[in-house]
Amino acid sequence: MNTYETGEIFAQLANLLPLDKSVDWSHGFGLVDRIVEAERHVKASDFTIPIFVYSVANSPTPGLKEELADIFHTAKKLTNKTQKRKRETHEAVIQFLYEVIRDGKFRADYPRDADQEMIDRKLFVLNYIHQREMKLHEANLARQKDVENVRMEQAFRLRQQEEEARIQKNRVAHKERMERLQRHFERQKLRDQFEHQERLENMKKKGNKKT
């Protein structure tokens with residue numbers, strides 16, 4: 001069961017909700033509102049007897065089967081709808097409910113402070129609801145924090161990729177610039193060598209004319 005179903009069951013067992021009303025799985029603090037609205041309809045003197053019935057729809061684990069073997073056997077006979085109805089089954093149900101009522105009567109004969117017990121039960125259920133909502137709130141905050149961390153990490157990776165791309169672009173541009181400068185230097189070097197060679201040849205020709 002989830003925590004909302006558990007809270008509903010706690011409220012029922014604590015006699016905080018009317019027994020003749022349909023079960024409603026309230027979310028958030030809706031159960032608190034229903035408990036407050038039901039205060040004029042419930043009686044602190046009522047005696048609640050919880051009955052646990054286990055339906056063997058699926059095979060239990062070996063450990064659980066060993067621990068609750070007797071309950072499994074009885075529950076299967078009482079809740080397995082594939083079985084044909086038998087007189088023994090009806091008698092077993094009636095005997096079971098009779099024992100529950102007899103045990104309830106035995107316990108109800110003891111002196112008790114019903115009003116204080118009602119207060120204690122109500123405090124327990126209200127505290128359960130509060131703690132449940134706090135845990136859900138903290139879980140939501142944790143999820144939001146995880147989402148934000150993922151978003152920040154993605155943004156950081158994107159900025160990092162953009163920076164790496166910019167650096168790579170600058171590196172390529174610098175390499176191309178250096179290659180252009182190198183080519184320009186080579187051409188200038190060849191031009192200087194050519195002009196120098198021409199000057200030498202001109203000087204040589206002038207020297208020959210004078211002689």
Non-neighbouring partners of Asp103 that pass side chain to side chain contact (heavy atoms under 4.5 Å, CB included), sequence neighbours left out: Arg107
Give a yes or no on whether the backbone of Lys43 and the side-chain of Asn15 come within a donor-acceptor separation of less than 3.5 Å. yes
For His41 and Glu37, work out which heavy atoms get closest and say how close. CD2-O, 3.7 Å
Using 30° and 60° as the class boundaries, would you call the ring planes of Tyr128 and Phe124 parallel, tilted or perpendicular? parallel
Starting at OH of Tyr4, measure out to CG of Leu31 and round the result to the nearest 0.5 Å. 10.5 Å
Of all the heavy-atom pairs spanning Lys122 and Leu16, show the shortest one and how long it is. CA-CD1, 3.8 Å
CG (Asp113) and CG (Asp120) are apart, to the nearest 0.5 Å, by 8.5 Å
With sequence neighbours left out, write down each residue that passes side chain to side chain contact (heavy atoms under 4.5 Å, CB included) with Leu141, or none if nothing qualifies. His137, Gln144
Could you check if a side-chain atom of Phe194 sits within less than 4.5 angstrom of a side-chain atom of Gln197, using non-hydrogen atoms only? no
Any residue meeting side chain to side chain contact (heavy atoms under 4.5 Å, CB included) with Glu162, in chain and number order, not counting sequence neighbours: Leu158
If you look at every heavy atom in Ala38 and Pro18, which pair is closest and at what distance? CB-CD, 3.5 Å
For the pair Arg166 and Glu163, evaluate side chain to side chain contact (heavy atoms under 4.5 Å, CB included) and give the outcome as yes or no after the intermediate values. CA-CA 5 Å; Arg166 185 184 66 80; Glu163 182 64 17; 2.4 Å; yes
Output for pair (Glu8 CD, Leu13 CG), nearest 0.5 Å, gives 10.5 Å
Minimal non-hydrogen separation, Leu17 against Val42, with atom names: C-CG1, 3.7 Å
Looking at Phe29 and His130, what are the two nearest heavy atoms and their distance? CE2-CA, 4.2 Å
Nearest-0.5 Å distance that lies between atom NZ in Lys135 and atom CD in Gln131: 6.5 Å
What one should report as the nearest heavy-atom pair of Ser45 and Arg112 is O-NH1, 3.4 Å
Pairs involving residues 174-184, ordered by first then second residue, that meet side-chain hydrogen bond (donor to acceptor under 3.5 Å, both in side chains) (sequence neighbours left out): Gln182-Glu186
Sequence-distant partners of Glu201, salt bridge (Lys or Arg N to Asp or Glu O under 4.0 Å), two or more places apart: none
Measure the CZ-CG distance between Phe185 and Asp192 for me, rounded to the nearest 0.5 Å. 9.0 Å
According to side-chain hydrogen bond (donor to acceptor under 3.5 Å, both in side chains), does anything in residues 149-160 pair up with another residue at least two apart or in another chain? List the pairs. Glu148-Arg151, Glu153-Arg157
Starting at CZ of Arg132, measure out to CG of Leu136 and round the result to the nearest 0.5 Å. 7.0 Å
Test salt bridge (charged side-chain N to carboxylate O under 4.0 Å, His left out) on Arg102 and Glu99; report intermediate values, then the result. CA-CA 5 Å; Arg102 190 174 69 162; Glu99 293 296 336; 3.0 Å; yes
